[in-house]
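Okay, structure first, notes after.
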2 protein chains.
Amino acid sequence: MREGSRSASGYNGPVVTFEDIRQAHARIRDRIRRTPVEHSRSFDERAGLHCYFKCENLQRGGAFKIRGATNFILQLDAGQLRRGVVAYSSGNHAQAVALAAREAGTQATLVMPADAPRSKLEATRARGARIVTYDRQRESREAIGEAIARETGATLVPPFDHPWIIAGQGTAAVELLEDVPELDALIAPLGGGGLLSGCAIAAKALRPQIRVFGAEPERASDWYLSLAQGRRVRISPPDTIADGLRAPQPGELTFSLLREHLEAVLLVSEEEILETMSFLLMRLKLLVEPSGAVAAAAALFRKLPPELRSVGVILSGGNVDFDVIRMLPDTDRRQDGKMD
Amino acid sequence: MREGSRSASGYNGPVVTFEDIRQAHARIRDRIRRTPVEHSRSFDERAGLHCYFKCENLQRGGAFKIRGATNFILQLDAGQLRRGVVAYSSGNHAQAVALAAREAGTQATLVMPADAPRSKLEATRARGARIVTYDRQRESREAIGEAIARETGATLVPPFDHPWIIAGQGTAAVELLEDVPELDALIAPLGGGGLLSGCAIAAKALRPQIRVFGAEPERASDWYLSLAQGRRVRISPPDTIADGLRAPQPGELTFSLLREHLEAVLLVSEEEILETMSFLLMRLKLLVEPSGAVAAAAALFRKLPPELRSVGVILSGGNVDFDVIRMLPDTDRRQDGKMD
C-alpha cells in the first residue's frame, strides 16, 4: 500500500488498529477533556441534514492535537524523556507537544513557521517550550526538526504520520460515536491526515456502515489530488487561511490508511470557510479556527451526498488570531440583504 | 418588604419558593437545553479562584430567558393562548417569548427598543413574532406593552418581575449546583433581577452557606445604589454596552427577594466587560454577550472577596452584534506588550 520509499517521520512500522485506539483512549483519557457534542437547528436547516459537532475547539490546548501528542509522549522511556522532545508544527501540534511535554516533565523544542498565528506562538512559549522559527516558503521544517533531534538526542514527535499519533487522534471518534451512535457519516478536515485516519479506523470499527469523508480547502487540495491519482501528490506551499491544513502532501501512513476508508474529499473555498466560522460563532456561540471549520463548511454548503441523514462533524480546533475574527463576514446582515 | 405601591408588571402576589423553582424545572426541562458548565485554568489563574461557568449563552435562543418565558407561557389557559402574548424587552426576553410562544401555538407581539442589537431584532422576527419598536430615550416600553395588552386582550409576559419568570430563571442555578455542588459563591449579572432572584433562592435552598453576589456595569448601577439606600433607586436610561442590563430600576419583587439574599453588588467598567468577552472568546472559545460577561468580569478583575475558593458564574447570554465583536480588545497582544 505504501506509495513512497520512506515517510517524513521515518516511520515504517505496522498499521493502526482499533485496539491501538482503545488503548490510547485508556492511556490519555484522564489527561484530555472529553469534549461536548453540539447540535444546532439553524445549522441543520441550512445544511439539510443533522450535524453533530465534536467540539475539539474546546479541547485542552484548543485543538484535538493533545490526544496524539499525549499518547506519544506517554510511551517514551525515562532516557528519552530526559533528552526531551522536538516537534515541527504550524501551531496546534506545537501547543499540544508543549503541554504534554510539560506534564510528562520533559523539555520541548518547537519548530514553528515565522508566520504562524501569533496567538499560537505565544501560547506555545507560555507553556515553557523553546521555539525555533523558520520561513515556510524557503526552509524545510522537517529538516530543521530532524537536525535538532540529531544534535540533542531529543525524540521527534511527528505531527501526524505515526501510529501513536494516529491512534491518539482516533479517540475523538470513539467519544463521538459513544455520544451519537447512529451516524450515517463522519467528516473531518484533512491536513496531514492524522486526525481523519484515526477517526476513520475507530468509526468503521464501531459502526461498519459509516461513510467517511474528508474536507480540505480548494487552495490546499493535496488529498483530493492524491486520492484521484492514487499516489501522494505534493503541491506547492498552500496559501489558505486554514493554517493548520498547509501540509503540502498526505503522510505515507495516513495515505495508506485513508485510501482504504475515505469515500471522498470535499473542497471548500476560503469564503465558505469564513462564512462557516461566522455561522458557528454567531449561532452556536463557538469560536472555531479556519482549519477547524473546513469540515463544517463542507456540510453547511451541502457538499455531502444528499441522501445522508446525520453526520458527525469534527470541529478540530479553536485557536484563532484576532485579525481573522475581524475579517469574518457578518452573515446575519448578508442574509437579510442589508450588506453591500 | 415592598418599596413601591405597585410593580411594573402589575404583580402583587406571593413570593417565590424553592418548590416553585423545582416545579418550574419539571415543567420546562424538556423544552430547554441543560447547558454545560465550563472551566478554564487560565481564567482561574487570572481570577485567583476556581470559576465554574454556567453557559446560558449556549441556551436555546442564546440566553437564559427561555427558562422564564417557557415557565410563564406553559401556565396560560386556552383562552389566554388564543389571544396571544405581548412582551417588552431589550432583546433576549423578546427572543425567548417569541420562541416559547411559537412552541405553545400562540402569537407573540414584542416591544423592542429601536437601537437593540440588530441580531436580536432579526432573530425575534424570524421566529414569527410581530415587532413594535420604540425610542428608549423618549418612550416607555411598559406603557406601550400594556396598551397593546389592553387593546388586544393579549397577556403581558413580564421580563423579570413575576414569580413565574423568577422561578423559571432559577432553574439555571438548580442545574449548576447539581453539576458543581460545593460552590462557595454564586454570581450573576443584574438587570431587572429575575435571573439572580431565582438563582439565589435555588442556591440558598440547595446549599444554605452559599454566598450570593450580583454584578452590574458601573454605568448601570441601579442595583448597587438601591441596595445601598435600601430602596429601589431609578437611574436615567443607562448608557452601557451591556444592553441586557439597561433596566433603570430593580423590580419590586426582585428587589424584595434580593435584599434578603444578596451579599454585595460588584461594579465593572465598560473596558472590563470587553476585555472579559475577549478572554472568554479567545481562551474558552465561547461567544458571550456584554451583559452575559458582566459577572465573569467581576471575577476576572478580582472584585469578589479574596477568601472565596470556588464560584459559580452565570454567563447569561451570547447574542452579540458583529460590531461589538470587532470592537473587542486583542488581549493576547496587550498582554505581551505588542499593542499600541
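Small disclaimer: the values here were computed from a predicted structure and weren't measured. No hydrogens, no waters, no symmetry mates; every other heavy atom, side chains included, goes into these values. Letters A, B, ... are given to chains in the order of the sequence lines, protein chains preceding strands, and every chain is numbered from 1.
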Other residues, nucleotides and ligands only: do more than 12 of their heavy atoms fall within 6.0 Å of CZ on A:R34? yes
Hey, could you give me the CG/CG distance between A:L287 and B:L280, rounded to the nearest 0.5 Å? 11.5 Å
Neighbour count above 12 (heavy atom, 6.0 Å) for B:R33 CZ: yes
Closest approach of B:L58 to A:L284 (non-hydrogen atoms, all atoms of both residues): CD2-O, 3.4 Å
Under 6.0 Å from the CZ atom of B:R27, do we count more than 12 heavy atoms belonging to anything else shown? yes
Pair B:V320-A:L281, side-chain contact (heavy atoms from CB on, under 4.5 Å): steps then yes or no: CA-CA 10 Å; B:V320 192; A:L281 183 63; over 6 Å; no
Would you call A:K285 and B:E56 a salt bridge, using N to O less than 4.0 angstrom? no
For a 4.5 angstrom cut-off between non-hydrogen side-chain atoms, does B:S278 reach A:F322? yes
Would you mind telling me which of A:I325, A:L328, A:N57 has the largest number of heavy-atom pairs within less than 4.5 Å of chain B? A:L328
Check each atom of B:E289 against the heavy atoms of chain A and say whether the ones under 4.5 Å are side chain, backbone, both or neither. neither
